[in-house]
Amino acid sequence: MVAHLARSLAESDPEVMAIIVREEERQQNTLELIASENHVSLAVRTANASVFTNKYAEGYPGKRYYGGCVNMDAIENLARERAKKLFSAEHVNVQPHSGAQANTAVYMAVLQPQDTVLSLDLAHGGHLTHGLKVNFSGTMYRIVPYGVERDTEQVDMANVRRLALEHKPKLIICGASAYPRTIDFAAFAQIAKECGARLMADIAHIAGLIVAGLHPSSIPHADFTTTTTHKTLRGPRGGMIFCRAADAALIDKWIFPGTQGGPLMHTIAAKAVALGEALRPDFKQYQQQIVVNARALAESLRSRGYRLVSGGTDNHLMLVDLRNVHPDLTGKQAEGWLEAAGVIVNKNMIPFDERKPTQTSGLRLGTPALTTRGMKEPEMVRVADLLHRALAAGDDEAVRAKVSGEVRELCRQFPLPQA
Ligand code: DSN
């Protein structure tokens with residue numbers, strides 16, 4: 001933790017401080033393979049812990065509902081300018097508290113209740129805000145899901161087009177939270193144009209790859225691009241919406257006052273820092289290493305007999321089908337065994353999974369956080385080996401202890417970012 005803040009917290013509330021210290025130790029001593037998580041820089045954490053948390057700033061720069069907003073305007077304008085430059089976008093709203101809030105604002109901006117939305121099924125890699133029944137999106141709108149094909153386990157654009165022409169959605173959503181392959185934003189835009197829909201790209205997972213030119217950008221193709229700022233982008237937890245100038249007022253209105261109140265200005269300050277980091281040349285190298293590491297990890301797992309959904313990965317994540325190597329092991333059990341050995345993953349449905357979402361037959365693995373620690377291809381081979389041995393060990397305490405010792409040693413060699 002930032003030193004003087006940590007001292008102050010330790011003195012004023014040792015109980016909370018003790019929990020934070022335990023979490024810092026957990027993060028230091030475990031291998032973080034959750035594809036949507038990362039370790040931010042000290043600069044991002046410092047901004048996030050700054051006095052900006054004290055301020056209400058409802059409205060936008062130059063049009064606030066409270067006095068004393070001069071520095072709020074400066075920081076929000078800076079975040080906006082950096083975001084627009086980084087993504088080559090005409091307009092950005094940096095106020096969404098999260099990706100879910102960003103998506104909500106877009107829906108409110110373009111849809112009426114019961115309008116039709118075409119989006120990727122959660123069970124095939126989508127996201128709960130893209131129309132899951134128990135989410136507001138699945139309750140408010142008529143969702144037509146598209147999925148991946150059984151043989152390729154990839155989205156077939158001809159099938160998306162057929163569904164779009166049949167159902168005439170008002171909004172098409174592309175983007176995913178568990179899809180290891182490149183998304184064809186240009187083809188989605190063509191389909192949206194053909195059926196008169198608007199197009200929203202949710203790039204939360206791949207935002208960092210996009211700014212580094214390692215994945216095609218959605219910005220020229222989609223009417224609205226939503227993202228989180230804390231995954232491959234390596235910023236604080238939060239969201240952003242990009243759109244063309246013609247839709248700027250509409251999007252801004254549906255963030256505030258439409259769906260949010262006061263913006264989290266400390267988070268916007270931290271977003272500005274992260275966007276500044278992403279504008280530096282070394283960010284591209286970092287993103288390249290994320291992708292190289294994902295391929296190395298995927299290959300090492302495949303060589304140990306694991307089947308990867310769609311056969312591999314184009315981006316920062318992969319879906320591992322456990323059934324080849326461990327037919328009776330659920331993703332839930334595997335997640336628990338791995339955590340006990342210090343390897344943190346999340347269970348995940350694989351396409352056409354016969355197990356429930358609470359059990360699953362797969363795991364989702366990603367490399368952004370390990371890459372942040374400086375790990376490269378040789379470490380990915382070690383990680384695959386540790387993961388394989390931890391799963392083979394099952395409940396065997398002795399083997400698990402040995403694996404767990406090696407995990408700690410690897411973590412010691414690659415400490416969390418100190419700057
Ligand atoms: N929960 C995030 C993820 O893990 O991908 C998506 O919002």
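Whatever order the structure lists ligands and atoms in, that order sets their numbers, starting from 1.
- Pairs engaging residues 212-231 under the salt bridge (Lys or Arg N to Asp or Glu O under 4.0 Å) rule: Arg198-Asp223, Asp223-Arg244 [sequence neighbours left out].
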Would you tabulate the side-chain donor-acceptor contacts of residues 249-258 under 3.5 Å, counting partners in other chains and residues two or more places apart, or write 'none'?
| residue | atom | partner | partner atom | Å |
| --- | --- | --- | --- | --- |
| Asp252 | OD1 | His91 | NE2 | 3.0 |
| Asp252 | OD1 | Asn93 | ND2 | 2.9 |
| Asp252 | OD2 | His91 | NE2 | 3.3 |

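- For ligand 1, the 4.0 Å heavy-atom shell contains residues Ser36, His127, Ser177, His205, Lys231, Arg364.
- His124 has its ring centre no less than 6.0 Å from the ring centre of Tyr179.
- Looking at residues two or more places apart in sequence or on another chain, you find a side chain to side chain contact (heavy atoms under 4.5 Å, CB included) between Ala35 and His205, His316, Leu317, Arg364.
- Atoms CD and CD, on Glu76 and Glu81 in that order, are 11.0 Å from each other to the nearest 0.5 Å.
- In this structure, the ring of Phe185 has its center less than 6.0 angstrom from the ring center of His215.
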